[in-house]
Amino acid sequence: QVQLVESGGGLVQAGGSLRLSCAASGTIFRFNVMGWYRQAPGKQRELVATITTGGSTNYADSVKGRFTISRENTKNTAYLQMNSLKPEDTCVYYCNARAINNGRDYWGPGTQVTVSS
C-alpha cells in the first residue's frame, strides 16, 4: 500500500514564500509522474504542476514564474517551492503520484496554504 503525506503548508503574507514536501511511505512504487494539485472551497481540484522521472515539468499558467516543482526519484519525494504568493493561492494543496507498474494515481490528504492580503 502506498501512502503520500504533504507537509510545509501554513499561513504567509502576500509576497512571501512556502516550500511544500510530499513524502511516500508503505509499499513504494516507481512513479513516472508526480505532481501538485490544489482545491479551494466550492471549486474543482486543479493542476498546479507536474514533473516526470526525466525532469520534464508542466505548470498551470497561474503559477508559472512563481512556483517550482522538483523531485528526488530515489526517494519518491516531491517538492513545490512557492514564491510571490498571492491571496488567490489560498487552497488545500494535494500531492499526486502515478505508479509506473499499474498506472494508478495516489493522493495525499492535503496541506492548507493560506495567503493573507
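Along the sequence shown, residues carry numbers from 1. Just so it is clear, the model here is predicted, and its values are computed rather than measured.
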E72 CD to C22 SG distance, which is reported to the nearest 0.5 Å: 12.0 Å
Show me the donor-acceptor pairs within less than 3.5 Å that the side chains of residues 4-17 make with the rest of the protein, sequence neighbours left out.
residue: E6; atom: OE1; partner: G110; partner atom: N; Å: 2.7
residue: E6; atom: OE2; partner: C95; partner atom: N; Å: 2.7
residue: E6; atom: OE2; partner: G110; partner atom: N; Å: 3.3
residue: S17; atom: OG; partner: N83; partner atom: OD1; Å: 2.8

Given side-chain contact (heavy atoms from CB on, under 4.5 Å), test W36 with I69 step by step and report yes or no. CA-CA 8 Å; W36 291 92; I69 188 171; 3.7 Å; yes
Write out all pairs satisfying ring-ring contact (aromatic ring centres under 6.0 Å, His included) with one or both partners inside residues 72-101, taking only residues at least two apart or from two chains. none
Sorted by chain and residue number, the salt bridge (Lys or Arg N to Asp or Glu O under 4.0 Å) partners of R66 (sequence neighbours excluded) come out as D89
Look at the side-chain heavy atoms of Ile, Leu, Val, Met, Phe, Trp and Tyr, link any pair under 4.5 Å apart, and say whether F67 and Y37 land in one connected group. no
Might you work through the side-chain contact (heavy atoms from CB on, under 4.5 Å) test for L80 and R38, ending with a clear yes or no? CA-CA 12 Å; L80 185 69; R38 65 186 184 184; over 6 Å; no
Taken in chain and number order and not counting sequence neighbours, the residues that satisfy salt bridge (Lys or Arg N to Asp or Glu O under 4.0 Å) with E88 are none
Results of salt bridge (Lys or Arg N to Asp or Glu O under 4.0 Å) for K43 - residues two or more places apart only: none
Could you pull out all donor-acceptor pairs under 3.5 Å where a side-chain atom in residues 100-109 meets a protein atom, sequence neighbours excluded?
residue: N102; atom: OD1; partner: R104; partner atom: N; Å: 2.9
residue: D105; atom: OD1; partner: R98; partner atom: NE; Å: 2.9
residue: D105; atom: OD2; partner: R98; partner atom: NH2; Å: 3.1

How far does OG of S62 sit from NZ of K86, to the nearest 0.5 angstrom? 8.0 Å
Distance col, row N58:CG vs T50:OG1, nearest 0.5 angstrom, shows 4.5 Å
Within a reach of under 6.0 Å around CD of Q44, are more than 12 heavy atoms found that belong to other residues, nucleotides or ligands? no
Determine yes or no for a side-chain-to-main-chain donor-acceptor pair under 3.5 angstrom, with T90 supplying the side chain and V115 the backbone. yes
I'd like to check V113 versus L20 (side-chain heavy atoms, cut-off strictly below 4.5 Å). Are they in contact? yes
Beyond-backbone contact of F31 with N96, side-chain heavy atoms, under 4.5 angstrom: no
Scanning both residues in full, the closest heavy-atom pair of R71 with I51 reads NH1-O, 3.3 Å
On a heavy-atom basis, the closest approach of Q112 and C91 is NE2-O, 3.4 Å
